[in-house]
2 protein chains.
Amino acid sequence: VPRTLKLLIAYDGTGYSGWQRQENGIGIQAVIEDEIAAIVGRHTPIVAAGRTDAGVHAAGQVASFTTDHTITCEDLLRALNARLTTDIRIRSIEETFAGFDARHHAKTKTYRYAIWNGAVPSPFIRHVVWHVPQRLDVERMNAAAQFLIGEHDFASFQASGGDVKTSTRELLEFDVRVIDTRTEEASFVPGELIRCEVTGTGFLRHMVRTIVGTLSEIGRDKLPPETMKEILEARSRPRAGRTAPPQGLMLWEVTY
Amino acid sequence: VPRTLKLLIAYDGTGYSGWQRQENGIGIQAVIEDEIAAIVGRHTPIVAAGRTDAGVHAAGQVASFTTDHTITCEDLLRALNARLTTDIRIRSIEETFAGFDARHHAKTKTYRYAIWNGAVPSPFIRHVVWHVPQRLDVERMNAAAQFLIGEHDFASFQASGGDVKTSTRELLEFDVRVIDTRTEEASFVPGELIRCEVTGTGFLRHMVRTIVGTLSEIGRDKLPPETMKEILEARSRPRAGRTAPPQGLMLWEVTY
């Protein structure tokens with residue numbers, strides 16, 4: 001009887017071309033699929049909750065696949081982590097109901113975006129933050145983000161060339177705050193770490209990064225938070241800010 | 001009038017062959033010297049407090065050099081950081097007295113060594129920790145470390161092939177403790193972060209790493225802390241434990 005397995009995965013996206021298997025560059029999906037193939041003896045496609053872009057990280061990516069192989073979840077976990085490079089870690093593997101699909105059954109996804117606001121960041125966190133030297137007004141950014149809560153047409157925050165049917169999505173929570181500098185090894189450099197955490201039932205391509213880029217402009221130029229409402233209602237990508245770079249983004253959690 | 005400048009430097013040593021300029025591989029010294037040469041117009045040798053080995057990091061390396069160039073410290077700091085790769089950061093530059101030598105005038109050096117004790121570490125800290133899966137007894141390790149305080153012949157903890165006149169060194173403080181998992185991005189993996197922090201007036205080559213390797217064996221095998229005293233008094237490298245790998249080590253602070 002084929003079993004359906006659910007994997008919880010963390011990865012440092014630096015140096016990968018994103019989640020998806022692709023022609024040019026190395027996709028994290030391909031790296032994991034190749035190791036699963038080596039263990040179960042055949043190519044086994046896996047599906048992930050979110051297709052992270054090149055350079056984007058994950059602490060809580062979820063993926064699923066179906067296999068006839070009888071290996072236990074514990075043994076598969078051990079074998080996979082032993083084979084995989086240390087920048088990809090399988091946090092857990094469990095058996096779930098037949099037909100489970102990590103992508104289609106996802107209820108909510110939470111992303112975190114980290115901005116280093118100050119002098120050049122410490123070398124030890126440079127690969128997981130976006131460096132913004134200009135002083136940001138975090139309260140203003142957080143107030144602006146609240147206009148995005150609820151179901152809206154997020155066309156202003158959609159990457160061009162998307163093939164989705166509708167750009168309506170629903171955001172449930174958005175929190176922008178300064179967090180304690182994560183590590184003492186980071187905190188010797190003057191600056192603050194700003195975390196933008198957003199939970200929604202679905203996201204468009206580059207949506208979080210474009211929202212964060214727009215938030216940074218509101219915070220930097222001290223624009224009124226209502227600017228975000230206007231940009232949202234314009235449904236026009238050129239009205240929004242720049243797309244923030246990938247390395248600050250992390251897929252934090254997926255719920256089912 | 002030539003001025004003597006003192007630099008405070010942080011670097012992620014991953015991918016470098018250590019501090020020293022060398023034939024094979026890229027030394028951090030060479031990278032910084034080349035950028036200084038491009039700014040001041042001539043090759044200018046710099047001297048560092050501690051020659052970190054390949055893969056070893058620094059948060060508080062100190063270096064010095066002398067120059068005839070009239071650039072201000074602020075401008076040099078800005079120009080250097082703009083030119084340097086982001087895994088090397090100059091934290092500050094200040095003018096100091098003529099004849100200051102970052103190496104010979106150093107009074108104490110503090111090193112930190114980070115051990116990830118538990119399951120495979122998070123991808124986001126893998127490059128700054130040593131992974132020890134076997135459960136370590138931290139209290140026992142700390143008790144053992146206290147036998148090293150004071151002036152001793154550290155021949156048991158010296159890398160072979162050293163060319164120093166004496167293997168007597170003085171340690172002032174040694175603290176082994178579990179610290180709060182540094183980052184939420186690390187803490188989703190089960191385990192504890194153990195920090196070994198040691199301050200001394202001087203260190204032999206590989207001394208900290210060999211002490212940490214020995215401490216890990218005392219912690220893992222639940223050997224009595226007094227084992228460390230016996231190993232120290234044996235003055236024999238084979239009596240000590242393995243040399244812990246470089247990526248857990250960081251030159252934290254130098255005092256003058």
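Within every chain, numbering begins at 1; the chains are lettered A, B, ... in the order of the sequence lines, protein sequences first and strands thereafter.
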So, the part of B/His127 with a heavy atom under 4.5 Å from chain A: the answer is side chain

Heavy-atom distance under 4.5 Å to chain A: side chain of B/Arg126, backbone, both or neither? side chain

Which region of A/Ala58, side chain (C-beta onward) or backbone (N, CA, C, O), has a non-hydrogen atom less than 4.5 Å from a non-hydrogen atom of chain B, or is it both or neither? backbone

Could you tell me whether B/Leu172 atom CG has more than 12 heavy atoms of other residues or ligands within 6.0 Å of it? yes

B/Arg112/B/Glu253 salt bridge by N-O under 4.0 Å criterion: no

Passing candidate, ring-ring contact (aromatic ring centres under 6.0 Å, His included) with B/Tyr111, options B/Trp252, B/Phe174, B/Phe203: B/Phe203

Count the heavy atoms of every other residue, nucleotide or ligand shown that sit under 6.0 Å from CD of B/Gln22, and state whether that count exceeds 12. yes

I'd like to know if B/Asp175 pairs up with B/Arg195 as an ion pair, taking the criterion as any Lys NZ or Arg NE/NH1/NH2 lying under 4.0 Å from an Asp or Glu carboxylate oxygen. no

Can you name the residues of residues 8-17 of chain A that have some heavy atom under 4.5 Å away from a heavy atom in chain B? A/Ala10, A/Tyr11, A/Asp12

A/Arg91 portion near chain B, given a 4.5 angstrom heavy-atom threshold: side chain

Heavy-atom pair of closest approach, residues B/Val254 and B/Gly60: CG2-O, 3.6 Å

Check this for me: A/Glu139, atom CD, are more than 12 non-hydrogen atoms of other residues, nucleotides or ligands nearer than 6.0 Å? no

Set of residues satisfying side-chain hydrogen bond (donor to acceptor under 3.5 Å, both in side chains) with respect to A/Arg83, sequence neighbours excluded: A/Glu35

